[in-house]
Every structure is written in structure tokens, then in C-alpha cells.
Asker: 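One structure coming up, written as C-alpha cells, with questions to follow.
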Number of protein chains: 2
Amino acid sequence: MTSLMQKIKDVLPQLSEAEGRIGDYVLENPEAVPHMTTKELAQKSGVSEATIIRFCKSIGIGSFKSFKLALMKDLTLTDTSLTDFSVLNKKDSPYDLFHKVIHVNKSAIESCADSMDRKELAKAVEAIQYANKIVFFGVGGSSTAAVDAQYKFTKLGYHSITSLDFHYMLSIIPHLTENDVFVAISTSGKTKDVLELTRFAQRKGATAIAITTLSKSPLYKEADIRLCTPNVEQDFRIGSIPSRMTQLTVIDTLYMSIFHHVGEKVLQQYYDARSEMENLRR
Amino acid sequence: MTSLMQKIKDVLPQLSEAEGRIGDYVLENPEAVPHMTTKELAQKSGVSEATIIRFCKSIGIGSFKSFKLALMKDLTLTDTSLTDFSVLNKKDSPYDLFHKVIHVNKSAIESCADSMDRKELAKAVEAIQYANKIVFFGVGGSSTAAVDAQYKFTKLGYHSITSLDFHYMLSIIPHLTENDVFVAISTSGKTKDVLELTRFAQRKGATAIAITTLSKSPLYKEADIRLCTPNVEQDFRIGSIPSRMTQLTVIDTLYMSIFHHVGEKVLQQYYDARSEMENLRR
DNA sequence: GCTGTTATGAAATTTAAATTCACTATTTAG
DNA sequence: CTAAATAGTGAATTTAAATTTCATAACAGC
């Protein structure tokens with residue numbers, strides 16, 4: 001059993017009746033689905049087309065097209081690829097673990113393509129591009145992405161802010177306006193601190209961009225723009241290892257996109273910074 | 001070179017001017033094409049949509065959809081991996097950049113396997129395992145890895161320290177002893193701040209672990225233990241995007257390895273932390 | 001029993017792929 | 001050297017697929 005199929009099996013009990021019927025059909029006829037249209041699959045599993053789309057989102061994939069692609073990949077890779085650390089072994093040496101880490105991280109980054117919605121991405125780039133201030137916030141494992149983002153956007157000349165301190169953030173947000181962007185980073189989308197600050201920022205008029213998994217979480221529902229990360233396996237042992245990689249991939253994309261727009265303008269500043277760094281021999 | 005790509009090359013001379021332009025574009029950006037629509041590919045190769053369809057038929061494929069599928073299959077088989085953003089294109093949309101970022105990050109992580117020395121890794125794990133304090137230091141793009149590491153090892157119950165502030169670090173290091181570990185993170189291995197602190201830590205008796213590229217850099221030469229990251233392409237535009245991924249992969253490996261050793265002991269603390277978090281509904 | 005929420009499909013909209021058609025440039029036949 | 005034939009092209013259209021919106025029905029909580 002491969003990862004996507006397993007995933008469907010796992011969530012099957014939580015699905016609604018109609019979505020469950022789709023799941024059943026897909027599990028029984030996986031090789032047929034990649035060539036179908038929503039209409040066909042809808043007919044065959046006895047639901048409406050709209051429910052097909054909803055089914056895709058329920059299993060954490062952003063579009064029907066991506067779903068078909070992921071399923072196809074799943075079927076061709078007979079490789080018993082582990083995408084999590086379930087097969088951790090007592091005898092594993094650090095070097096063995098190293099290769100597992102490589103594998104998990106690579107898989108996580110690969111699956112980013114499944115959950116991202118290109119329209120939302122375009123909206124996010126647009127919002128950031130014209131932003132006055134950009135505030136990033138993430139706690140726990142997601143703070144890494146926030147810190148990284150803050151650094152990158154500062155380099156691009158933005159007024160870019162982050163802090164791990166909830167109370168510090170509370171003092172920042174009142175100054176936000178509709179020209180500003182608040183980027184909330186939370187894998188689960190349920191983190192209370194993140195939610196509260198996001199709502200606060202929205203009340204001040206800022207655009208709330210969420211970097212979170214595709215799910216029915218409050219953050220997902222309430223954000224103005226959603227950049228979805230895939231539902232990579234979570235395990236207490238590995239904590240947020242793979243989900244951090246997916247968050248950073250999203251951040252990198254935003255950075256590259258903005259650079260692409262403002263790049264010419266900041267190039268001189270880049271060179272300035274570099275030559276000054278060389279002068280100081282740092 | 002594989003079948004489809006080769007096929008395109010073969011027929012290229014026989015194609016008409018406009019179709020030839022498509023062929024050129026596809027050969028230059030094969031990994032970008034599978035995510036495009038006819039419209040996009042038409043724009044980027046400077047032809048009309050109709051010509052895209054005709055191009056597909058010219059190379060013996062019945063539809064644009066099939067063409068994309070075939071190309072994708074082709075690419076997964078061979079790895080024509082670009083490991084840099086050299087193929088950045090003026091017309092790239094955020095979604096295009098997203099796929100390039102995925103590709104670059106994936107490649108970077110993959111190539112980690114090439115540069116890591118298993119003995120050095122074992123030594124590093126050994127040193128950290130019995131360490132009293134662990135200090136991480138990285139500046140610029142490498143600070144992300146330091147921050148991430150500090151958080152991870154704190155979760156494991158270590159006295160784990162990092163700061164971006166050179167002077168703060170100066171006040172930390174005098175307290176290090178031979179039971180402590182100083183982890184220096186620098187892609188180039190030449191960063192002055194990192195070097196100075198590393199030497200200082202070594203003078204105090206701490207074991208210096210370097211996470212750096214395999215090169216003749218001072219950091220590489222002077223460190224007690226070397227964990228090498230691959231020499232991924234550096235580019236002013238992308239800064240440290242791929243090298244940050246490789247650093248994090250090394251950090252993840254250290255974390256997993258240590259967890260593997262001390263795991264049983266800290267499991268209870270993990271559960272404590274989680275249930276308390278749930279109590280506080282954070 | 002009312003109210004708010006969730007699940008659902010029908011219909012409308014949006015988006016992508018493919019086709020048609022008209023125009024141009026070039027070649028070929030007379 | 002001209003006229004007809006032909007190939008190559010993109011604009012506009014058609015067709016088809018994916019996605020969103022909206023109204024309704026079922027249900028849970030009060």
C-alpha cells in the first residue's frame with residue numbers, strides 16, 4: 001500500500017457519506033481514476049461534481065488535477081517509499097537516520113506541489129508586493145519559517161517583523177493598516193496564539209495570509225489568503241521536521257516571486273551590502 | 001537523454017519556425033512545462049495556442065495533456081536536475097517559481113548524501129550526546145539553521161543556546177568547558193564572526209563542530225568535527241535558499257540521532273509538554 | 001420547536017484545450 | 001512572370017473540463 005492510498009484509507013472514517021463513496025470507489029479502482037474527469041468520477045461514485053472537488057480538499061490536495069497526478073505517481077512508484085519514520089529501527093546508526101531524513105525531507109518538499117493553489121499564491125504575491133509592513137508569526141516549530149521569512153524580506157528592503165514573543169506582537173499589531181500583511185504560520189491551523197493574533201491583525205485591516213495545511217481548521221477558514229502545505233506525516237518523534245521544510249518552501253517561493261518583481265530595484269543594494277561585508281571582512 | 005526529449009531534439013530540424021521555438025523552449029525548461037497551460041507555453045515560447053497543439057501532433061502525441069504527462073514521466077526517470085536558478089525567466093509566474101523552488105530544494109537535499117562523511121557524523125552525535133551545553137551560531141542565512149537547532153535540542157532537554165548577537169555570544173562562550181559543544185554554521189566557512197567565536201570556544205576547550213561546505217576554508221580546517229554540506233550553486237538572487245535546506249537536513253539528522261539515544265528518557269517529557277499545551281488550549 | 005451548522009447537488013462561472021477559419025508567405029505549375 | 005496551390009500561422013470560436021456559488025435539505029444543540 002502506497003502513501004496516498006493509505007492516506008485515503010486513513011481518513012475514510014472521517015469523511016462524510018458522499019465523500020466516503022468517492023473514497024471507496026478510488027480505493028477499488030485506483031488505476032482508472034487518473035484518466036477520468038470530475039463528471040465521470042462523480043457519476044461512477046454516485047455523487048455530484050462539487051463533491052469530487054471537496055473530496056480532494058478533504059484529503060489535503062488542492063485540486064482534482066493534482067489529485068489525479070498524485071494518484072498516478074502513487075501507482076507507478078511500487079517503491080515502498082516511506083514518507084515517515086514509522087520504520088525507525090533500534091539499530092539505526094546516525095548514518096542510516098541521515099538517509100531517512102533526506103528521504104522524508106525530499107518527499108515533503110515534493111508533495112508541496114499537491115496542495116498549493118496557484119490563484120491563492122498569485123494573490124499572496126500581489127498582497128505582499130504592495131505591502132507596507134509584513135509581519136510573520138509562528139510558534140514552536142513554525143517559528144523557524146517566520147524567522148527565515150523575516151530575514152529574507154528585510155533583505156528585499158521591506159519593513160519586515162517577527163517575534164516569538166506574543167506580547168511583543170500584541171504591541172506591533174495595533175499599528176497595522178489595510179496596507180499591511182500578516183503572515184500566520186501554523187501547521188495545524190489551530191494554534192491559539194496564532195489565531196488570536198491573526199484575528200487581531202484582520203480587525204486592524206491587514207491582509208491575513210495563512211501558511212497552513214489544507215484542512216477545516218479555524219486558521220484555514222478565516223484567513224484572507226491560504227497558502228496550503230501538504231499534510232505530511234506528523235509524529236511526536238520527528239516533531240515538525242518535514243512540515244518545516246514545506247513551510248520554508250512556501251517562504252522561498254514568496255521571496256523568489258517578490259524578488260522577481262522588485263529585483264532590479266534592490267540589486268544595487270545587494271551589491272552594496274556584499275561589498276561592505278567584504279570591506280569589513282566578515 | 002531520454003526518449004521524449006531525444007525525440008524532440010531529433011525532429012527539431014524538421015519543425016517549422018514557430019514549432020521549433022516551442023521545441024527550444026521545452027528542451028530548455030522541461031521541468032516547467034508539465035505545469036503549464038497551452039496559453040502559458042504559447043506566451044513563453046512566443047507562438048499561438050493553436051501552434052502548441054500542432055506541435056504536440058508533430059512530435060507524434062495526440063493531445064497537449066498527453067504531452068505533459070509523457071514529459072513528466074520522462075523527467076522522473078532521468079534526473080536532468082537543475083540545482084540552481086540559472087533558468088530563471090523573465091516571464092516566470094509565481095507558480096512557475098514555486099515549481100523551480102521545489103526542484104532546487106529537492107535537489108539540494110538529495111545531494112546532501114554525497115558530502116556527508118559517516119565517521120564525522122558518528123563523532124558529532126557522540127560529542128553532542130554527552131554534551132553539557134550546546135551552542136549554535138550562524139549569521140545571515142545560516143541563522144535559520146541555528147535557531148531551528150536551538151529549539152530542537154531544547155525540546156530534547158539540552159541546555160541549548162543561540163543568538164544572532166555577536167556580543168551576547170561573546171559573553172556565553174567564556175563559560176564553555178571541554179564538556180560542551182560549539183556548532184558553527186557557515187556555508188562558505190569564511191565568515192569572520194563565526195570563525196572568531198569558533199576559535200574562542202575551542203580555546204575554552206569546547207568541541208567545535210562545523211556545518212559547512214567541503215572546501216579549503218578556515219572553518220573547515222580548524223573545526224574538530226566537520227559535517228559537510230554539498231556545494232550547491234549560490235546566486236545573489238536566491239541567497240542561501242538551497243544551502244539552508246542542506247544545513248537543516250544536517251540538523252535534523254543530529255536531532256533524530258540524539259532522539260534515538262535519549263528518546264526513551266524524554267518521551268514522558270514530550271507527553272507532558274503536549275498535554276499541558278492542550279490544557280492551555282494553545 | 002427554533003437556530004445555526006454541515007453536507008449536498010444543481011446551476012453558473014471560469015478556465016483550459018482543441019478547432020476553425022482567414023490571412024500571409026512561399027512554392028510550384030503553366 | 002503570373003496564378004494557383006500549399007504550408008504556416010494566430011485570432012477567434014467552440015467544446016469540454018474544473019471549480020465556485022447558491023439554494024436546499026438534514027441534522028445537532030439549545
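Since the structure is predicted, the reported quantities are computational estimates derived from the model, not experimental observations.
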Asker: If I take atom CG in residue A/Asp117 and atom P in nucleotide D/dT19, what distance separates them, rounded to the nearest angstrom?
Answerer: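 Result: 9 Å.
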
Asker: Contact class for B/Glu17 (heavy atom, under 4.0 Å): base, sugar-phosphate, or nothing?
Answerer: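 Contact class for B/Glu17: sugar-phosphate only.
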
Asker: Can you tell me how far P of D/dG8 sits from CZ of B/Phe55, to the nearest Å?
Answerer: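 To the nearest whole Å, that distance equals 15 Å.
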
Asker: Please give, in whole Å, the distance from C/dA10 P to A/Gln43 CD?
Answerer: 11 Å

Asker: Just to confirm, is there a sub-4.0 Å distance from OP1 or OP2 of C/dA18 to any side-chain nitrogen or oxygen of B/Lys57?
Answerer: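 Checking C/dA18 against B/Lys57, no side-chain N or O comes under 4.0 Å of OP1 or OP2.
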
Asker: Do we see a donor-acceptor contact under 3.5 Å between the side chains of A/Gln247 and A/Thr229?
Answerer: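 No pair is found: no donor N or O on one side chain lies under 3.5 Å from an acceptor on the other.
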
Asker: Is A/Asp180 reaching over with its side chain to a backbone N or O of A/Lys133, donor-acceptor style, under 3.5 angstrom?
Answerer: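 The answer is yes, because a donor-acceptor pair under 3.5 Å joins these two groups.
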
Asker: From C-beta outward on A/Val47, which listed nucleotide comes closest to its side chain: C/dG9, C/dT15, D/dG10?
Answerer: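 In terms of side-chain proximity for A/Val47, the closest of C/dG9, C/dT15, D/dG10 is C/dG9.
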
Asker: Which nucleotide wins on minimum distance to the side chain of B/Thr51, given the candidates C/dA17, C/dA18, D/dG10?
Answerer: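 It is D/dG10.
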
Asker: Just say parallel, tilted or perpendicular for the rings of B/His99 and B/Tyr95, cut-offs at 30° and 60°.
Answerer: perpendicular

Asker: OP1 or OP2 of C/dA16 less than 4.0 angstrom from a side-chain nitrogen or oxygen of B/Thr38, does that happen here?
Answerer: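 For C/dA16, neither OP1 nor OP2 has a side-chain N or O of B/Thr38 closer than 4.0 Å.
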
Asker: Checking contacts here: which listed nucleotide (D/dG8, C/dG9, C/dT8) is nearest the side-chain heavy atoms of A/Arg21?
Answerer: C/dG9

Asker: In whole Å, I'd like the distance from the NZ atom of B/Lys65 to the P atom of D/dT15.
Answerer: 18 Å

Asker: Of the options D/dA18, C/dA18, C/dG9, whose atoms approach the side-chain atoms of A/Ser48 most closely?
Answerer: C/dG9

Asker: Whole angstrom is fine here: how far is it from CD1 in A/Ile52 over to P in C/dA10?
Answerer: 13 Å

Asker: Rounded to the nearest angstrom, tell me the gap between atom CD1 in B/Ile53 and atom P in D/dT15.
Answerer: 16 Å

Asker: As a test of reading the structure: which of C/dA17, C/dT8, D/dA17 is closest to the side chain of A/Thr37, going by heavy atoms?
Answerer: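 The closest nucleotide is D/dA17.
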
Asker: Please report the interatomic distance NZ(B/Lys106) to OG1(A/Thr249), rounded to the nearest 0.5 Å.
Answerer: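 The NZ atom of B/Lys106 sits 11.0 Å away from the OG1 atom of A/Thr249.
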
Asker: Find the distance B/Leu15:CG to D/dA7:P and express it as a whole number of Å.
Answerer: 16 Å

Asker: Which is true for B/Ala18 with a 4.0 Å heavy-atom rule: it touches a base, it touches only sugar-phosphate, or it touches nothing?
Answerer: sugar-phosphate

Asker: Using whole Å, report how far CD of A/Glu40 lies from C1' of D/dA16.
Answerer: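 Rounded to the whole Å, the gap is 12 Å.
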
Asker: Specify the residue among A/Glu19 and B/Phe64 whose closest nucleotide of DNA chain C lies further upstream toward the 5′ end.
Answerer: A/Glu19

Asker: A/Arg54 has a side chain; which of C/dG9, C/dA17, C/dT20 sits nearest to it?
Answerer: C/dG9

Asker: Looking only at the side chains, is there a donor atom on one of B/Thr246 and B/Ser243 sitting less than 3.5 Å from an acceptor on the other?
Answerer: no

Asker: Looking at the side chain of A/Lys216, which of C/dA7, C/dA17, C/dG9 is the nearest nucleotide?
Answerer: C/dA7

Asker: Under a 4.0 Å threshold between the charged nitrogen and the carboxylate oxygen, would B/Glu17 count as salt-bridged to B/Arg21?
Answerer: yes

Asker: With a 4.0 Å cutoff (strictly under), does any side-chain N or O of A/Lys68 reach OP1 or OP2 of D/dA18?
Answerer: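 Yes, because at least one side-chain N or O of A/Lys68 sits under 4.0 Å from OP1 or OP2 of D/dA18.
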
